[in-house]
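Heavy-atom basis, side chains included; hydrogens, waters and symmetry copies ignored.
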Amino acid sequence: MPGLYARESRSISSMAHLRFFPQAVVGGSGAYLTADDGRRLLDFSASWGAASLGHSHPAIREAVDRALSDQAGASYLSTANEPCVLLAEKLLSLVPERARGRVWFGHSGSDANETVARMVVAATGRPRILAFEGAYHGGTVGSMGISGHPAQQGGRAEGLTLVPYPNSYAAGSPEAAKDAALARLQLLFATELPPGEVAAFFIEPIQSDGGMLLPPDGFFKAVEALCRKHGILIVSDEVKVGLGRSGRFNAFEQSGIEPDIIVFGKGLGGGLPISAVVGPEAVMNHAVAFSLQTVHGNPICAAAALAVLQTIERNRLAENAERTGGVLRESLDRLAARHRLIGDVRGRGLALGVELVEDRTSRKPASRQTALTVYRAFQLGLVLYYVGVRSNVLELTPPLTLTQAEAREGVAILDQALADVAAGRIDDAVLEDFAGW
């Protein structure tokens, strides 16, 4: 994963031969982690969004304890189990009618996206897939094959075509970014890429690993119209930005579109490994036993995921993400007024990005300063990492339970970290032993 850096760890003996960012934790509660040296670290990453309810959330603990106290097997391959059925029913109730057919369960966003990529080609008979430059859809061979992030060394799938994700900051305005991206897509369809050969377009409602990029207003409505015209399925990868994080349950809702297939992962299990694909029956049921692993749909992870969904609804965490995210965004905007390193602040809800640049006119990426900022923030008690095709965007995906006071606390630490980096108080030598992507 990006941002996992290097340093020999002596605190965790089983990892003594690996090299990491100097972060080792022994526990956590709420929005805080406990480091192996006893420090409390405010967590603005939530393990890349996977710890959606924070750490040691009682609803997840209780659900897992109940599921383990009378365990309904370990799989859904040959036996239906109640937690898995209840979770499937819940997910079907939370997606648009267009996708409300069947549910597939896996372990991660990676295996889910890989399954969808194989499934849409097989079900439609069309050999091509569209995705975005900068997209990260997973780390398995199949999911890397439909990704567009330059840090991934795995080979692209033979039928993959990548198109630009609109970058409003780089283009100078949302309208310019939208027009350029749509023009490229339309040109492809008119020249190199027969749209009748395209099975599906994998979209990211917010492109997280590519730099926390927001689509301009109307962009995905235009993409949806093109896909409907040519019979191309729309697959919304909600793995990192969905499940309430954007301020809506599904991040695609903010673009006003209805995907055919929706992929969930990371925060679905609240820290336990589970993913889900929800889509139309004609696609999902096109073949028997198409993509199965032994502990897919196991009742323990399914129970945890159901508890996560119920907690998001009961505690109105999507609303909290919008409200607390607004406070966080305003605080970051104030930082941008004081720190020349900050070129742009963007995002929705509790999915925010801060792009660091060496010069605001040229917008040259400040990759070294970004790594130093993350390092210094960790020293000061704040956990966050960085993303982007130039490794210069601080990514903020804290727990959905984050309070406004915690948001302000984290920004204050980030303020100090940026000031220390700008003043040259952090020795570049600390970067020698680690590197993000």
Asker: I'd like to check D36 versus V25 (side-chain heavy atoms, cut-off strictly below 4.5 Å). Are they in contact?
Answerer: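 The answer is no, as the side chains (C-beta and beyond) never meet within the 4.5 Å cut-off.
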Asker: Under 3.5 Å, is there a donor-acceptor pair linking the side chains of R334 and S331?
Answerer: yes
Asker: Side-chain contact, heavy-atom cut-off 4.5 Å: L328 with L352?
Answerer: yes
Asker: Only one of E319, E238, E253, E322 clears salt bridge (Lys or Arg N to Asp or Glu O under 4.0 Å) with R248; which?
Answerer: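 Looking at E319, E238, E253, E322, the match for R248 under the salt bridge (Lys or Arg N to Asp or Glu O under 4.0 Å) is E322.
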Asker: For F252, what residues pass the ring pair (Phe, Tyr, Trp, His ring centres under 6.0 Å) criterion, not counting sequence neighbours?
Answerer: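 F252 satisfies ring pair (Phe, Tyr, Trp, His ring centres under 6.0 Å) with no other residue.
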Asker: Excluding sequence neighbours, so at least two apart, what forms salt bridge (charged side-chain N to carboxylate O under 4.0 Å, His left out) with R348?
Answerer: none
Asker: Step by step, would you call R408 with D415 a salt bridge (charged side-chain N to carboxylate O under 4.0 Å, His left out)?
Answerer: CA-CA 10 Å; R408 294 188 182 97; D415 186 8; over 6 Å; no
Asker: Output all residues satisfying salt bridge (charged side-chain N to carboxylate O under 4.0 Å, His left out) with E330, sequence neighbours left out; order by chain, then residue number.
Answerer: none
Asker: Between S275 and D111, does any side-chain donor sit less than 3.5 Å from a side-chain acceptor?
Answerer: yes
Asker: Extract all donor-acceptor atom pairs below 3.5 Å that involve side chains of residues 298-305 and protein atoms in other chains or at least two apart in sequence.
Answerer:
| residue | atom | partner | partner atom | Å |
| --- | --- | --- | --- | --- |
| N298 | OD1 | I300 | N | 3.1 |
| N298 | OD1 | C301 | N | 3.0 |
| N298 | ND2 | V295 | O | 3.3 |

Asker: Are the side chains of V120 and I129 in touch, meaning some heavy atoms are under 4.5 Å apart?
Answerer: yes
Asker: Pair V354, L332 - check side-chain contact (heavy atoms from CB on, under 4.5 Å), show working.
Answerer: CA-CA 8 Å; V354 180; L332 292 170; 4.0 Å; yes
Asker: Report yes if the side chains of L268 and L309 come closer than 4.5 Å at any heavy-atom pair, otherwise no.
Answerer: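 A side-chain contact exists here, since the closest heavy-atom pair is under 4.5 Å.
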Asker: May I ask you to decide if the ring planes of F132 and F219 are parallel, tilted or perpendicular, using 30° and 60° as cut-offs?
Answerer: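 Tilted.
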Asker: With a 4.0 Å cut-off, would you call D333 and R329 a salt bridge?
Answerer: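 Between R329 and D333 there is a salt bridge, with a charged N closer than 4.0 Å to a carboxylate O.
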Asker: For E114 and T140, which I'm curious about, is there any donor-acceptor pair between the side chains at under 3.5 Å?
Answerer: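 Per modelled atom types, E114 and T140 side chains form a pair under 3.5 Å.
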Asker: Please determine whether a side-chain nitrogen of the Lys or Arg among R390 and E355 lies less than 4.0 Å from a carboxylate oxygen of the Asp or Glu.
Answerer: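 Answer for the salt bridge query: no.
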Asker: Establish, for the pair R39 and Y32, whether the NZ or CZ atom is under 6.0 angstrom from the six-membered ring centre and no further than 45 degrees off its axis.
Answerer: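 Not flagged: R39 not positioned over aromatic ring of Y32.
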Asker: Can you list the steps and then say if T370 with V393 is a side-chain contact (heavy atoms from CB on, under 4.5 Å)?
Answerer: CA-CA 7 Å; T370 304; V393 180; over 6 Å; no
Asker: Once salt bridge (charged side-chain N to carboxylate O under 4.0 Å, His left out) is applied, do any residues pair with E204, and if so which ones, sequence neighbours excluded?
Answerer: none
Asker: Under 4.0 Å between a Lys/Arg side-chain N and an Asp/Glu carboxylate O for D260 and R228?
Answerer: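 The answer is yes: the pair qualifies as a salt bridge.
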Asker: Between H137 and F202, does a ring pair (Phe, Tyr, Trp, His ring centres under 6.0 Å) hold up when you go through it step by step?
Answerer: CA-CA 9 Å; H137 293 298; F202 278 71; 5.5 Å; yes
Asker: Under 3.5 Å, is there a donor-acceptor pair between the N320 and N315 side chains?
Answerer: no
Asker: Suppose the criterion is ring-ring contact (aromatic ring centres under 6.0 Å, His included): which pairs have a residue in residues 293-330, not counting sequence neighbours?
Answerer: W104-H296, H107-H296
Asker: Taking 4.0 angstrom as the limit, do R102 and E281 come out as a salt bridge?
Answerer: yes
Asker: Do S208 and E395 pair up side chain to side chain, a donor and an acceptor below 3.5 Å, judged on atom types alone?
Answerer: no
